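The structure appears below as structure tokens.
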Amino acid sequence: MTERYNIKECEAKWRAKWDDNNCFEAHEDADKEKYYVLEMFPYPSGRIHVGHVRNYTLGDVVARYRRAKGYNVLRPMGWDAFGLPAENAAIDRGVHPAKWTISNTAEMREQLKSMGLAIDWSREITTCMPEYYRHEQKMFLRFLKNGIAYRKESIVNWDPVDNTVLANEQVVDGKGWRTGAPVERKKLNQWFLKITDYADDLLEGLEALDRWPEKVRTMQKNWIGKSQGLKLNFTIFHPEQSEGSQNKGEDFSANPEMTLEVFTTRPDTIFGASFAAIAADHPLAEKLAGEKEGFADFIRQCQATGTSEAAIEQAEKLGFDTGYTVQHPFLEDVKLPLYIANFILMDYGTGAIYGVPAHDQRDYDFAQKYDLPIKQVIDHDEANTEQEAYTGAGKLINSDFLNGLDIENAKAEIIKQCEELGIGEGTTQYRLRDWGISRQRYWGCPIPVVYRESDGACIPVPEDQLPVELPEDIDFSKPGNPLDNHPTWKHTTCPQTGQPAIRETDTFDTFFESSWYQFRYCDPHNETEPVGKDKSDYWMPQSGGVEQYIGGVEHAVLHLLYARFFTRAMKTCGYVSCDEPFLGLFTQGMVTHETYQDTDGKWLFPYEYEALNDKSVAKVGPSIKMSKSKKNVVDPEDILDTYGADAARLFILSDSPPERDLEWTESGIEGAWKFVNKLHRIISDSIDNLPGANTPKPSDFSEKASELRSVSHKTINGISKSIEDFAMNKAVAQMRELSNAISSFRPEGETDQWALRESFEILIKLINPMMPHLAEELWSQLGHENLLTNEPWPIADESLLKEETVTIGVQVNGKMRATINIAMDANEETAREAALAQDNVQRTMDGKQIRKFIYVPGKIVNLVIG
RNA sequence: GGGCGCGUGGUGGAAUGGUAGACACGUUGGAUUCAAAAUCCAAUGCUCUUAGAGCGUGAGAGUUCGAGUCUCUCCGCGCCCACCA
């Protein structure tokens, strides 16, 4: 009997050994196949949470497995270090953001290290350091030269609590994604990146990402939102001209101010149009209706309608009749009334539509309210335009030259006609907008441009004057942008003329940093370039970037789309050759925990609930995502301290498939801890009787030894496949099965002992990616001098994988009645005899004839009787 | 409103169209112990009286020799998007 496994000491010992031997440092090696594993880097909030533990454990299994398989693995780590919490800490506690951030990274680095992760720490990056952000300033200048970055005045989403601009992606239900405050609209000069130039490429690229979850690809596809349609020009008529007059001789089409451009994806329904409408903030709205009575009220009403889903759901369709009309392009006698309507969005299409009530529900509602004609132009059995709009397939009717065509052909025909007449053209429209990257914050990368005071010219800061560093003496007591408030920092001179100039006081959106960090890891200490081409071409060549990227699904359209865009932009600028940054993507589920509430609805900590003598004054709530306010957070440091890294890792891998939510339970982590101890005990108890490490393989084995060997070798392939499939819970199950087989094995004699040692060694190698400390310890206890971490993955002996006999089911008319044990390759006759020999089969057959006999070797026998 | 996904024991979850419930958690009984913890052994889908039989993957239909798995309809849940013309 060996002494009890001292988890803490032992784990620390092996971590030190890996460090001393630089086990996980990656080097470019053209002779080895590379494998780049990356997990989304953390924001240095100060402490790791269980979600991090899950994320990095998954990555560690992949990294250690691939390493053992002989790949040249790159597995780096860093800090997504710019962001608002640092500024909030500065405001709340008076700590400087830099100091707060850096001390947080120090703490979290130690926490991560205590998990025993196979990380190349020599490549660590921290995005708030000038060594990192100077490169993105240079990159920005190159983006400018290549027309990828530009500046324009625009209406932006303004978060009144954080006092900053938000990207569309950061507005959720009309509220700021962090503060939850209703977003306001504000006009500002902002920097943008032309992500829309790459819209089509980003969309097409999704096709090739077959190792991405379908869900994420769909979300990106919907976000890009490509739709084909027609842009069509209508001529606008003055109220006097249209009012029942025969005056249609006047040609306004030559007057661009009096034409209205609309966008539609259903040009086929043009003959069903009964009105036109523009957005409240359309430039023509003020011009056509500004003087009219009630207009100001109407605009106010439009703005008052919230953008939350509930508001939209219930919002009535509201219109304001301008009195103007537009000429129907194909029906000379028809002039459509022109409305300003609250359901038209200025920032999609042209901010103007023509309404076809019979075939669009919104137009239908609008037409009902304002008593406009509902003219059906698509015929189908299911269409009932008395009741609601019909949007399905059908044939064109009431549509002159389009009659009889199906929708697709009608679209093509009408677009052709419009193009020939010069009144419209077929176009592609995207939902995706350019990415606004200006933020009125201190703790971000300064945008490296200055504005000359004399003429306001925007001058890029020359490369040799970079980086533009953040000032350290900063005052957070005043509201607004601290950089703007700084007494001296923004005052500088024009690098071209030497005249006084003002620095850009906005900083980059922090998604900027995380859009290219995957490249920086390839060459983290390069002083002149973001990444050396030789390095990026080795780790992220044209044909492939990161082999396996792992993170939360919440980044499906933000970070993951930006990073794909950046990869293309960087390629355009000649930095890299790679088309896609992440070839494989795995999105993990959340970690949840039970909640506890007392009868007043007050949340309780688990220990508070446990301490209650009378449990009826509180109730156990559902297991939901851990959050401070719900008091159901588990601190990984406590877990690592109590149970050790291996137990924590094992539990997090074992209970649920990684893509699903995982419920954190006390009993679960305890079960994992017990298993760690059990495995240690099993091996320690057997060790004295095992043959030495390099004892030659015996030629014959007992039956039970052969069976054990067969199980062990099958498990090699089983676990390998499970890890490659990201089915870590199944890998754990298989590992436990093998350990159960081993612990019930009673060796008798030398060859049995040899087989036992072989199975131990296989098991140890297989658990290594999941529980590396324990594996390393057991490996050394078995008498090995080298590090297990440097051992290759075991290879299954093919001859042990074959099944000689198999137990298969016997069905009668498809119902299971018995099982038989026959040779794997037994012929049909043998199977029939064995099946018919079963009492239960005979009884069920009840003397009836066999009409059909089905035998699938190794699978099933089915007797069809009757 | 649109899109995607999911419904399997008391619980987490396994099942290339072929023995449903692997592996665990929990529970029950037993061994060990002065006692407890830990450990070990056994049982554990449901129903019926044990040997045994019947029924079972949200509901209903279909395809098939055979369906948790494929198809359709319905019910329930979750996520994402959303006045996107």
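A quick note: this is a predicted structure, and the numbers were derived from the prediction, not measured. Residue numbers begin at 1 in each chain, while the letters A, B, ... track the order of the sequences.
B/G5 and B/G9 are spaced 24 Å apart, taking the C1' atom of each and rounding to whole Å. For the C1' atoms, the distance from B/G18 to B/A38 is 43 Å, rounded to whole Å. Across the P atoms, B/U64 and B/G3 are found 31 Å apart, a figure rounded to whole Å. Taking atom C1' on both nucleotides, B/G45 is separated from B/U27 by 14 Å, rounded to a whole Å. The same atom, P, is picked in B/G7 and in B/U16; the two are 13 Å apart, to the nearest Å. Using atom P as the reference point in both B/A20 and B/G26, the two lie 28 Å apart (nearest Å). Spacing of P atoms, B/A59 relative to B/C23, comes out at 26 Å, to the nearest Å. As rounded to the nearest Å, B/U39 and B/U33 have C1' atoms that lie 11 Å from one another.
Checking B/C81, B/U39, B/A22 against the side-chain heavy atoms of A/R431 singles out B/C81 as nearest. Taking every side-chain heavy atom of A/K317 into account, B/C83 is the closest of B/C40, B/A14, B/C83. Residue A/S656 has its side chain nearest to B/G12 when only B/G18, B/G12, B/C55 are considered. Closest approach to the A/K815 side chain among B/A14, B/C55, B/G18 is made by B/C55 (side chain taken as heavy atoms from C-beta onward). Taking the side chain of A/Q811 as heavy atoms from C-beta on, and the options B/G66, B/A85, B/G52, the nearest nucleotide is B/G66. Which of B/C4, B/C40, B/C65 sits closest to the side chain of A/K678 comes down to B/C40.
In this entry B/C77 has B/G5 as its Watson-Crick or G-U wobble partner, both defining distances falling under 3.5 Å. With a cut-off of 3.5 Å on both Watson-Crick or G-U wobble distances, the partner of B/G62 is given as B/C70. Across all strands shown, nothing is found opposite B/U57 as a Watson-Crick or G-U wobble partner with both distances under 3.5 Å. The partner of B/U11, taking Watson-Crick or G-U wobble pairs whose two distances both stay under 3.5 Å, is B/A24. The partner of B/U39 is B/A31, judged by Watson-Crick or G-U wobble contacts that both fall below 3.5 Å.
Put simply, the side chain of A/K859 and the base of B/U16 share a donor and an acceptor less than 3.5 Å apart. A donor-acceptor contact under 3.5 Å is not formed by the side chain of A/K730 with the base of B/C23.
Not a single donor-acceptor pair under 3.5 Å links the side chain of A/T807 to the backbone N or O of A/N821.
Within 4.0 Å of A/S654, counting heavy atoms only, lies no atom of the nucleic acid at all. Within 4.0 Å (heavy atoms only), A/N813 reaches no atom of the nucleic acid at all.
For the side-chain hydrogen bond (donor to acceptor under 3.5 Å, both in side chains) criterion with A/K714, the lone passing option out of A/Q734, A/E803, A/E737 is A/E803. When each of A/F298, A/Y370, A/F320, A/Y354 is tested with A/Y339 by the rule ring-ring contact (aromatic ring centres under 6.0 Å, His included), just one qualifies, namely A/Y370.
Both cation-pi conditions hold for A/K317 and A/F343: the charged atom is under 6.0 angstrom from the six-membered ring centre and inside a 45 degree cone around its axis.
Aromatic ring centroids of A/H359 and A/Y364 lie 6.0 Å or more apart.
Ring geometry for A/H593 against A/Y596 counts as perpendicular: the plane angle is over 60°, on a 0 to 90° scale with 30° as the lower cut.
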